[in-house]
Amino acid sequence: MSVIAVGSAKASPGVTSLSVGLGLSWEATTGRRAVLVEADGDGGVLAARFGLALTPSLVELSGTARHELTINRLQANSQLLAGQLPALVAPGCGETAALVLGPMAGRLVHGLGRLDDIDAVVDVGRVRSHSPAAELVKYCDLLVLVARPRFDHLVPLVHQARRVVAHDIPTALVCVGDRPYPPTEMAKASHLDLLGVMAHEPRLVQALGGGLPANRRHRRLLLWRTLAELVHRIHYRLQTPTAGHAAA
Ligand SMILES: Nc1ncnc2c1ncn2[C@@H]1O[C@H](COP(=O)(O)OP(=O)(O)OP(=O)(O)O)[C@@H](O)[C@H]1O
Ligand SMILES: [Mg+2]
């Protein structure tokens with residue numbers, strides 16, 4: 001299966017929200033199941049934000065780290081977000097999250113990659129060379145860097161893009177909103193492919209918390225259309241890798 005890492009270079013552009021949205025939209029667009037993994041070394045917010053329990057979490061999964069990651073182990077340690085999406089949540093405390101994630105990140109990405117019929121959307125938080133999730137970024141099939149189209153996001157994005165591309169990590173850009181800079185300019189400056197622009201949705205958390213609407217008419221709302229389009233482009237890109245180790 002594919003591992004899609006979603007992260008940022010700086011600030012809080014909307015990585016977690018996009019990860020949840022992609023995860024919720026994944027199966028309806030690709031026909032393949034998805035699991036959402038919160039691998040943010042600064043600590044998780046999924047449990048608090050979407051009314052999930054504090055356990056099971058990465059902590060419990062790390063207890064089984066000596067064993068191979070099977071679909072059963074993954075499911076046993078996941079919770080259903082919005083009643084739809086299996087989510088492996090990170091502990092809210094950053095120090096605990098970093099402590100469990102660091103030693104297991106490598107095994108997690110390879111274990112996820114070996115599971116059949118299910119793709120993983122992994123929220124890796126801030127992408128840094130010494131982040132506890134660094135191995136997840138290094139061996140993912142695609143890194144989606146998220147940024148707001150603003151000057152203060154541009155400079156760190158350009159630096160981070162240069163670094164990950166130099167490490168041969170297949171990477172693409174998603175902008176959240178389209179102002180004040182055109183997202184195409186952000187892509188040009190960072191030399192990244194622009195996968196798309198995430199709609200600016202003020203009631204985003206509430207909308208995501210309700211899950212993917214069952215009603216097809218509601219799925220035509222801008223948010224869900226944008227997410228379906230992004231999933232489609234990511235899926236296409238995974239099948240036709242153009243750069244990085246996925247092309248090997
Ligand atoms: N597409 C969007 N439209 C409107 N608001 C958004 C959007 N995406 C994220 N937000 C808002 O921005 C804030 C940060 O979002 P989120 O937690 O997803 O970002 P993040 O990049 O994961 O942050 P962090 O680096 O702290 O983990 C939240 O208040 C969220 O509701
Ligand atoms: Mg986040």
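Both ligands and their constituent atoms are indexed starting at 1 by order of listing.
Every atom of ligand 1 with a heavy atom of Ala11 under 4.0 Å away is listed here by number and element: 25 (O). Within the listing of ligand 1, atoms 1 (N), 2 (C), 6 (C), 7 (C), 8 (N), 9 (C) sit less than 4.0 angstrom from a heavy atom of Leu204. Numbered from 1 in the order shown, with element, the atoms of ligand 1 that lie under 4.0 Å from a heavy atom of Arg49 read 16 (P), 17 (O), 18 (O). Proximity to His200 (heavy-atom distance under 4.0 Å) selects the following atoms of ligand 1: 3 (N), 4 (C).
Within 4.0 Å of atom 13 (C) of ligand 1, not a single protein heavy atom is present. Not a single protein heavy atom sits closer than 4.0 Å to atom 29 (O) of ligand 1.
Metal site remark for the Mg ion (ligand 2): Thr16 contributes an N, O or S atom at a distance under 2.8 Å.
In the hydrophobic clustering of ILVMFWY residues, with side-chain heavy atoms under 4.5 Å counting as a link, Ile71 and Val122 come out together.
A salt bridge links Arg233 to Glu229: at least one charged side-chain nitrogen sits closer than 4.0 Å to a carboxylate oxygen.
No donor-acceptor pair under 3.5 Å is formed between the side chain of His218 and the backbone N or O of Ala214.
Taking all heavy atoms of Val15, Asp40, Val6 into account, the minimum distance to atom 27 (O) of ligand 1 is reached by Asp40.
In terms of protein heavy atoms, atom 3 (N) of ligand 1 is closest to Glu201 N, 2.9 Å. Closest to atom 11 (C) of ligand 1 among all protein heavy atoms lies Arg148 NH2, 3.9 Å. Scanning all protein heavy atoms for the shortest distance to atom 31 (O) of ligand 1 gives Val205 CG2, 3.8 Å.
Taking 4.0 Å as the cut-off, Lys10 does not count as a neighbour of ligand 1 on heavy-atom distance. Heavy-atom separations between Pro13 and ligand 1 include at least one value shorter than 4.0 Å.
Of the N or O atoms in Leu18, none lie within a sub-3.5 Å distance of an N or O in ligand 1.
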